[in-house]
Structures are given as structure tokens and as C-alpha cells.
Amino acid sequence: MNPTPHARAALATLPLSFPDPTGVVIVDGGCDWPAEVTRALRSGAAGVLVVQPKPADFAELLELDPSTAVIVDSTWASNPVIGAAAQAFQAAAADGSRLECRVILAPGSDFPTALLDQLILVRALLSPVSKVRVQYRSDHGFHAEGMTDTSMTVDLSVVCTTAVPAAATVRLLTSDGSVELLIPTGDTAEPARLTTAGPDGAVQAPTQYETGHRASLRRLRELMASGPADGLADLRQLHADVLVTRGAQRT
Amino acid sequence: MQSTIGVGFLGAGPVTQAIHLPTLARLGHEFTIRHVSDVDPAVAESVATRVGATHSSSLDALLDDPAVEVVAICSPHTFHAEQVIAACRAGKSAVLCEKPLAMSSTEADAIAAVSAETGVPIVVGAMHVFDPGWRAAVAQWGELPATSHSIRSSIVLPPNPRFEDVATEVLGRQPFPTPDRSDVEVLAAMIHAGVMGLAVHDLPLVRSLLPRYDDLRVVSAAVLAPFGYRILAVAGGKSIELHAVMSATWQPNWVLEAYANDVALRTEFTPSYVHAGSAVSTLTTAESARVFGPESFNGYESEWLELAGIVRGQIAPPDPGELVDDLRFTLALADAAAEAVRSTHNTEAAA
Ligand SMILES: NC(=O)c1ccc[n+]([C@@H]2O[C@H](COP(=O)([O-])OP(=O)(O)OC[C@H]3O[C@@H](n4cnc5c(N)ncnc54)[C@H](O)[C@@H]3O)[C@@H](O)[C@H]2O)c1
């Protein structure tokens, strides 16, 4: 399923932020997206949204003039819960031993893209993952183990089924509680659920009924408005995660 | 014959006190506790007195007691096999053995042989096997054992006393040891103990989803802090993830999941020790979800009721071959996980 039309529909829900939406180029991350982004930057786009990019080689793109804002609209990490979730995970990290990131996808999904999406998510929540080893893979999913820059072990897994909706679940167990996050796909406004449990009880963060695409577009708007020092910062981080994804496929 | 079935306990520690006595108190129409035996005579006497039973500190005294028809073995793991065998040879009506049934495949073979020879029914106290919320889903799961491809068991548990202390008032509890984690053999022993003591609860359930396990391969195994494990294994073409953590959390979470391309099963169990009703299972397809449970009783009650049915000749006993296979599967996992911990440690040490 191509998510790009959902992103385009989200643009229509920000009429005041983007009074002239024609300057915004929305690129489908499933195709040869680096070429399209390059074209958009060269033709003077006001801002670019790359929707769910698959791992591609785009080192040259990073050499271009960084004055245009480019935002990566990622399957899980673009959910508006991420800010609050990052705070919760980071607060618990010192006391947590291992991060579990489990994803449900439809059968036939592209595994390198699925792994990349998980790495982007863990980076957004906690810290970049610098090393990944695929432990097991079949037609139905995979299990991988990674290590964050902060030396936390991460279990990354994908299971393919149509029985339950696609979603990412991230859990960090601590010595006396847990932080748990469930993110549905960004194509609907179904909210993510963030629950923090500690000695005094469990707290569910307020739900936010906004699609990941809309949250990404708001981020694009902010970056455009601030006149970015480095409009390609998102892409640079993506590039690091793509390299780790590529490395993992070789293990 | 007595109108209720006479029960004798071998080992009267926390499990007997907090699990079985309260369960049998709910099933007084079926069972009467006649005899409590423990190597610690003070524990045997105290626990026996609570229920008006005879007490002793020897296996023979319990087996020689004609009032004991069913022997419940609740001693530490290492004594299970010899005690199961002795109870069968004593010609008792049935044996309930706490998990695990034994600690080696030699012991498993010996149990299978004695069971065949004496015909004494054996039930293993793996309560989730009997949980009505699980069994109802099994009855409706259709092709899931054939089509499932990914299985996961995750157990998050508060410290046992959190539940034991509301299930009863426990006498004579062993302190939890502090292991030396720098010693690889300690780590290997910890993961072995994690499988034999904790994962074991759900491994018969996992095995019921596998076409075979003779090709079992442990891909990775790690000991988790404060106490727990994470094991990734492959058998019969399916991935099996086993995860457990015991910490100071108040929030238990005991879940078994199995996924096929078009069906998912999720079973959430109630914690051990307490009587908090049955598990709740959900069988989901893209169109709908069916929920099984909660029932008002859990696997502890069901296992004893099944035992009563077996003793009264109303229910066929479990196939000992299946029980032995459950044990072999558990041992294979425990051994391979311990070996994986050793080899990871050695690889890291060499690097
Ligand atoms: N089904 C469950 O939910 C569940 C939960 C926890 C433990 N268990 C199992 O139950 C069994 C007992 O667990 P526990 O926590 O009570 O163990 P424990 O070691 O704390 O207590 C066992 C008792 O057996 C006595 N004992 C020791 N050696 C004996 C012998 N040779 N003969 C008779 N008695 C002997 C000890 O004095 C002690 O009182 C274990 O096998 C364990 O795996 C089951």
C-alpha cells in the first residue's frame, strides 16, 4: 500500500501552515526517491517530505546545498507521540537492561525497509543503533539484535500476518516498572499508546489523534519557517541508519 | 474407599502451602489432605496440622499410609523423578508431580517405563496446560498448529512473595540467592534453571504448536537482569522467542502469542499462586476476534479436577509419552540455551 496519497491528504489539513502547498514536494520513498529529492532541491522546492523511504544509496544527495528543508516521514517515528515517548524512554534508560522493538507487518513486506523503520524509531526514542546482527530470518519475519550508541541491547523483530493490524511495540522493562509504546501505522489518526509503570502505578500519556504524516508536515513547516542551518539533517541521520541496515543484511 | 480422594504431599514448601492447600480448600468435595511429608519435620508438622493431616519426614511413611491415594510431589526438582517412580511402584491411584517432571532424559525414560509397567496415571502440574482460557482457544484454533510460524512467550513477574503472601501465610521460605554473574558457568546454570523452572510452564503449550522439535536450534540466549532470560530458538520451521524477567515491578504480564499469516492467538495468563480466574485467549483474524475466558477458576483447580476424574475412571489419563516428550523438549531447550550462553561468553572473551 502506497502511503504517499495519505501524506498528500494530510497536507490539505494544514491550510494555514501551507497557504501555497504547491511549493511542497511529497516524494514516495518506495521509488527511486534520491533522484526525485535531488530534482526537487535543484528545481527550488520550498520544502520536501520523503514518505517512508526504503534503504537506498544517497550519499551524493547529502553534498547538495542544505538550505532547503527536507523531512523524513517515517512509518513509526513520525507519530506525534514520539516527543513524550522519547522523554519516558530516556528517563527509564539508565535503569533498563534491554529494549524490545516488535513490529507486525502484512505478509510480503520488504524486510530491509522494516528494519530501517525500526532503527529510525529507536533513534528517535533513545539513541542511534550502531550495530545490528540478523539472528534469524524466514519468509514470515526476522529477529535481529542491535546495540545503541549508549550500549543498550535492542531486540528487533518483525512478524508478518494479516490477522492483526500493522503496529510497532516498544518496551523497556526497568528494575521496578516499564515503559511501553504501541504505535499504529501513520496512515490513520489512531493514536499511539504510551504507558509508564513505576512503583506508584501506571500512567497512560494523553492520546493524540493525528496521523504521522500530518505531524511530519508540521515539522517541515517549522523547519521551513526557521530557515534551516542544515535542511538535510534528517537525511543525514537516515543515511547513518541505512548504512547500519545494509551492514545487518550482510550478517 | 473414602468418599473424597485422599492426598499426600511430598514436600511442603511455598508451592504446597500457597498453591495446593488453597486450591484443595476450594475442592473439599473431591479431596481430603491425609498426609504431609517434608524432610523438615517442623514444616511437615505445621502444614499437616493446618489441614488435620498426618505428618512425617520420610517418603516411605507417606507411601505406606493407606489413606494416601494421590501423591502430590512438591519437593525440589532433583527429587521429582525418584519420588514419581516410588509412588508408582507403591501402587497409588495417581501421581501429581510439580513441573518439571524430571531433570534428565535418563530419568524421563525411567518414568515412562515405570508408568507403562504399573499403569499408575501421572499428571504434571503445568497448570497452564489445564487453564480453561487456554483450552477453549485450543478447541477452536483450527489449523493454527500447522500454519503458525512465529511463537513468543513473555513472562514479566513481580517477586513470588507478592503472590504467595496473599495466597496464604508461608512458613519456611528459602532466601533468593545472589549469583556471581562474572562466572560463565553460573550464567549457564541460571538460564538452565530459568527454562526448567519458569519457561517450563508454557513449553508444553509451545510444543503443541510444533510439528517436530528434533531439529531444535537455539540461535541466541542471554541471561537478563535482575533475573530472567531471552532465548531465540527455531524448531519445526518456526521461530520461538522465550522471554522472562522477574523484577521488583508490581505489574505481572504473562503472555503467549502465536502468529500465522491469517490468524493470531494471544493468551494472557493470571499470575501463579493466586486464584484470579483463568487466562483470557483471543483468536484474531483480519475480520474478527473471538475471546475465550476469563473463567472463574484457573489451571490449578482444573488440574486437580482432572486428577479427580482420572482417579474415578471418568477421564483418560494423560499419555505418559506426551509428558516425557514435553520434558525432552524442555531439557533440549535448557541444555542448548546454556550452551549458547557459554559460547557467547567465550566468543566475547576472545574478542
Ligand atoms: N505450578 C506452579 O505454579 C509452581 C510455582 C513455583 C514452583 N513450582 C514447583 O514446585 C516445586 C516446589 O517448589 P517450592 O517453591 O515449594 O520449593 P522449595 O524448595 O521452596 O520447597 C520445597 C520443600 O520440599 C522440602 N524437601 C526438600 N527435599 C525433600 C525431599 N527429598 N522430600 C520431601 N521434601 C523435600 C523442603 O524442605 C521444602 O519445604 C518445585 O519443583 C517447583 O518447580 C510450581
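Naming convention: chains lettered A, B, ... in sequence-line order (proteins, then strands); numbering from 1 in each chain.
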Chain B contact via [X] - which portion, at a heavy-atom distance below 4.5 Å:
X      : value
A:S138 : neither
A:T174 : backbone
A:A106 : neither
A:D155 : side chain
A:R137 : neither

Scored by heavy-atom pairs under 4.5 Å with chain A, the best of B:Q251, B:K238, B:H243, B:E287 is B:H243
Checked B:L232, B:V245, B:V219 vs chain A; the most non-hydrogen pairs under 4.5 Å come from B:L232
Interatomic distance, CD1@B:I240 vs NE2@A:H143, rounded to 0.5 Å, equals 10.0 Å
Rounding to 0.5 Å, atoms OG (B:S154) and CD (A:E100) come to a distance of 6.0 Å
Bottom line for B:A264: the part with an atom under 4.5 Å from chain A's heavy atoms is both
Cut-off 4.5 Å, heavy atoms of chain A, and the answer for B:A289 is neither
Residues of residues 132-153 of chain B with a heavy atom under 4.5 Å from any heavy atom of chain A, in residue-number order, are B:H149, B:S150, B:R152
To check you understand the geometry: which heavy-atom pair defines the closest contact between [X] and [Y], and what is its length?
X      : Y      : value
A:A197 : B:W250 : CB-CZ2, 4.4 Å
B:T284 : A:V164 : CG2-CG1, 4.0 Å
A:L173 : B:V156 : CD1-CG2, 3.9 Å
A:Y136 : B:S239 : CE2-CB, 3.6 Å
A:S175 : B:S247 : O-CB, 3.3 Å

- Query: Which is it for B:D262 and A:T162 under the side chain to side chain contact (heavy atoms under 4.5 Å, CB included) test, yes or no, and what are the steps along the way?
  - Reply: CA-CA 5 Å; B:D262 54 352; A:T162 55; 4.2 Å; yes
Looking only at A:S178, A:P165, A:G141, A:G198, most heavy-atom pairs under 4.5 Å shared with chain B are made by A:G198
Quiz item: Just by distance, do the side chain of B:S220 and the backbone of A:Q135 share a donor-acceptor pair under 3.5 Å?
Solution: no
query = Any Lys/Arg nitrogen of B:E241 or A:R102 sitting under 4.0 Å from an Asp/Glu carboxylate oxygen of the other?
reply = no
